[in-house]
Amino acid sequence: MMAPRGDSHVPYKRPRLSSTGDLANDRLGLPIAEARQALVSQFRRLDTAIVVGDTGSGKSTQVPQYLLDHVVPRGGVVCVSQPRRVAAIALASRVSSERASVLGAQVGYSVRFERALSPGTTLCFCTDGVLCREAISDPRLARYDVLVLDEVHERALHTDVALALARAAQGARRGTRRPLKLVVMTATPDVLRLRRYLNGAPVLFVRGRQRALELRHAKSPQLDYLHATLVTIFQVHREEDRGDILVFLTGQDEIEATARICRQLSRVAVGNAGVHRIEVLPLYSALPPTVQQRVFSPVSPDCRKVVLATNIAETSLTIPGIRYVIDSGVVKIKRHNAELGAEVLAVGPVAQSQAAQRAGRAGRDGPGICFRLYTHKQFMALSPLATPEIQRCDLTSVLLNLLAIGVPNVEDFDFMDRPSPDAIQASLQTLQWLGAVKRIETITQGARGMQADNGVRPSKSTNEEHSTINGMVVKTDDRKNNQKKIVLTTLGRTLAAFPLDPQLAKALLAGSELSCLEEMLTFAAVLSVDSFFLTSAGRSKEGDQAATACLRFTSPDGDAPTLAAVFRAYLASGSNKTWCIENTLNHRNLRLASEVRKQLRDICVKLGLKMSSSRNEPSLPLRALCRGLFLQAVRLRPDRKYESFATHRPVTLGPSSALRAVSLRPVVLHHGLAAGGSAGLSMRRATAVKSEWLGEALPAALAHRWMI
DNA sequence: GAGCACTGC
């Protein structure tokens, strides 16, 4: 056990006061109020504006109202978009009550599964995801006079897409009788990039609440941030005034381990005179909501709360009473590796903007201190901004969405930070194999001249250029000479109607063809949400025993049928929360799956698909699954190891897959590959299928290549 | 033999 010894404390540089407290602002109203006139006159004049202000400046609640009351014409509609559902609903509710109106009348919201809107709604809060979907039926965003994009500094996937779509819509409406006004709001003062993207749009600064925040960096680099974390927690506990501590760590295991040591150490320390108790509270998204709620309840006056959190506390949850922040300086980030065709979850250093965000969580209710477990020099060497999500994730869904919107050139779509051409090509190739897009020759004047007149062909060297797509080595056309245009097929348009990965959407449609749509709705729903099974940390004491009881759901065919069985049992229980707890299942994810299924079913009905069930033929849903997930196929080699058809890379069966309970199956489909650690590539979830089903599902080009 | 956080008319 580690104890905070005198010689192992983390030395911090002398405190520097970066700002002063100003509690008067609390009563005088929000800082933004005095800037109202100036903002309004700028908004009237400009077609695009950037608003910079801290959370707490009131910009998210006030700017939309200024626009509605003083900028748009009577009856004009303002849309405010956010990365997160809870924020959209909370803001709508807050603004609605500020205006003493009923939520859903003048002020409303629209998020997935939930909306409060009426024909008279002129101020609508929504999520970026909803806005991106709306653009499919309304690419000019014609319903809105003003579009406000909030929290743009987070660079969430849908925010970047929405921003690019908004620019395109604004361009299309420029010079018409109803131009689109765009207001982009960000908390990061570093707006050079954003400003250039928005053609030099003026930046309007809103003064934030002035709060006292003291930053202390480590004096020397720390080799072990977990050790430094423990030392600092107890140093703060011994030396600093009352106030709760928020610690940023990377993940569940690390948090639980640190919590255990912390509790042991505190039992030792509390024996000493004058040392108060501490209450250690883990906080991460996999925890059941009831356990998460504990961080919001106050502790007794003689006790100090220590919250050990992941990134969830950086943006999603704001914990009251935090006075001290301990920032480990590291974060876990998911990246999609197109070459491996896998998600890689890795620990890395935070960006400066994230460090600022973490520090800002201290002293929201009074003067605070942020302890950084890294030196000021190390801080200065950090990247100023985090890599935008659009450069880290699989683009298959995003590109299908853009094509459905009618974006003319998806390969050259003007994102603020463009994804790599390889990532785009990999996703287009996937869409092509799914039959969602095709490349058609478009003979432009220039191209015709070139090919007919002098017969120029791509030179041999460029023609034989290879690139790796989804891990497969593929010959690519020379892009300079490539006159092929990417167009959406009828199938692609149908796939885009579903809020699903295109692969799963295709499997769902195959369910209609094979008369097992009801079963496929369940497969699609359970595979598109996080696992139903609680991991050890989220379990109650009796949990492990009950988890064993859960084995009764295990299907020899793997995870899709197993999860479907759990889901059916959940519905049979009457969607009962107690039943979930008794069986150590994640109620939130089961409820989510049930809402997803309902939504998918409604879309199927709208598309005119007939509901059908394969009650007497259990293999039909598995065959349908093959028709969507064939790119995720894996085979068992003679040496009893699994290998991906697409990439020929070895993969292993992940530890939580239901297939581990049965003997090795010759062909399986995986539902997500994870890379990292010692295991190489591992399949998080997998379902066994028959080789002939895979054969009938494959497009000809792949059937030939894979020799099925 | 191991899961950061979000989101989808």
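Every chain is numbered from 1 and lettered A, B, ... according to where its sequence line falls, protein lines coming before strand lines.
Computed from coordinates, the A:Leu345 CG to B:dA2 P distance equals 13 Å when rounded to whole Å. Spacing between atom CG of A:Leu592 and atom P of B:dT7 amounts to 10 Å, rounded to whole angstrom units. Note: CG (A:Leu283) to P (B:dC4) measures 13 Å, nearest angstrom. Whole-Å rounding puts the A:Phe248 CZ to B:dA5 P distance at 12 Å. Taking atom NZ on A:Lys334 and atom C1' on B:dC4, their separation rounds to 9 Å, with Å as the unit. In this structure, the OH atom of A:Tyr284 is 10 Å from the P atom of B:dA5, given to the nearest Å. Residue A:Gln357 contributes atom CD, which lies 14 Å from atom P of B:dC6 at whole-angstrom precision. Atom CG in A:Leu400 sits about 21 Å away from atom P in B:dT7, given to the nearest Å.
Residues satisfying the side chain to side chain donor-acceptor pair (under 3.5 Å) criterion with A:Thr490, sequence neighbours excluded, are absent altogether. Applying the ring pair (Phe, Tyr, Trp, His ring centres under 6.0 Å) criterion to A:Tyr225, with sequence neighbours excluded, gives no partner residue. Considering only residues two or more places apart in sequence or on other chains, A:Ser656 meets the side chain to side chain donor-acceptor pair (under 3.5 Å) condition with none of them. Scanning for side chain to side chain donor-acceptor pair (under 3.5 Å) contacts around A:His158 gives an empty result, with sequence neighbours left out. Residues passing the ring pair (Phe, Tyr, Trp, His ring centres under 6.0 Å) test with A:Phe533: none are found, sequence neighbours excluded. Remark: A:Arg358 engages A:Glu314, A:Asp327 in a salt bridge (Lys or Arg N to Asp or Glu O under 4.0 Å) (not counting sequence neighbours). Residues satisfying the ring pair (Phe, Tyr, Trp, His ring centres under 6.0 Å) test with A:Phe371, not counting sequence neighbours, are A:Tyr12. Residues forming a ring pair (Phe, Tyr, Trp, His ring centres under 6.0 Å) with A:Phe415 (at least two apart in sequence, or on another chain): A:Phe413. Under the rule for a side chain to side chain donor-acceptor pair (under 3.5 Å), the partners of A:Ser657 that lie at least two apart in sequence or sit in another chain are A:Asp559.
Listed in residue order, the members of residues 82-92 of chain A having a heavy atom less than 4.0 Å from DNA chain B are A:Pro83, A:Arg84, A:Arg85. Sorted by residue number, the members of residues 109-134 of chain A with any non-hydrogen atom under 4.0 Å from DNA chain B read A:Val111, A:Arg112, A:Arg115, A:Thr127, A:Gly129, A:Val130, A:Arg133, A:Glu134. The stretch residues 308-318 of chain A touches DNA chain B through A:Thr310, A:Ile312, A:Ser316, each having a heavy atom within less than 4.0 Å of the strand.
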**Request:** Would you check, one step at a time, whether the test side chain to side chain contact (heavy atoms under 4.5 Å, CB included) holds for A:Glu151 with A:Glu154?
**Result:** CA-CA 6 Å; A:Glu151 313 280 16; A:Glu154 287 182 23; 4.0 Å; yes
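Nearest-nucleotide positions on DNA chain B for A:Arg684 and A:Arg143 put A:Arg684 closer to the 5' end. Summary of the strand contacts: A:Pro499 and A:Val331 both lie near DNA chain B, and taking for each the nucleotide with the nearest heavy atom, the more 5' one is attributed to A:Val331.
Of all the heavy atoms in A:Thr489 and A:Val437, the pair that sits closest is CG2-C, 3.9 Å.
OP1 or OP2 of B:dA5 lies within a sub-4.0 Å distance of a side-chain N or O belonging to A:Ser285.
If you check every strand for non-hydrogen atoms under 4.0 Å, A:Gln599 touches sugar and phosphate atoms only. Among the heavy atoms of the strands lying under 4.0 Å from A:Leu500 is at least one base atom, whether or not backbone atoms are also near.
The pair A:Asp160-A:Arg155 meets the salt-bridge criterion, with a side-chain N (NZ, NE, NH1 or NH2) lying under 4.0 Å from an Asp/Glu carboxylate O.
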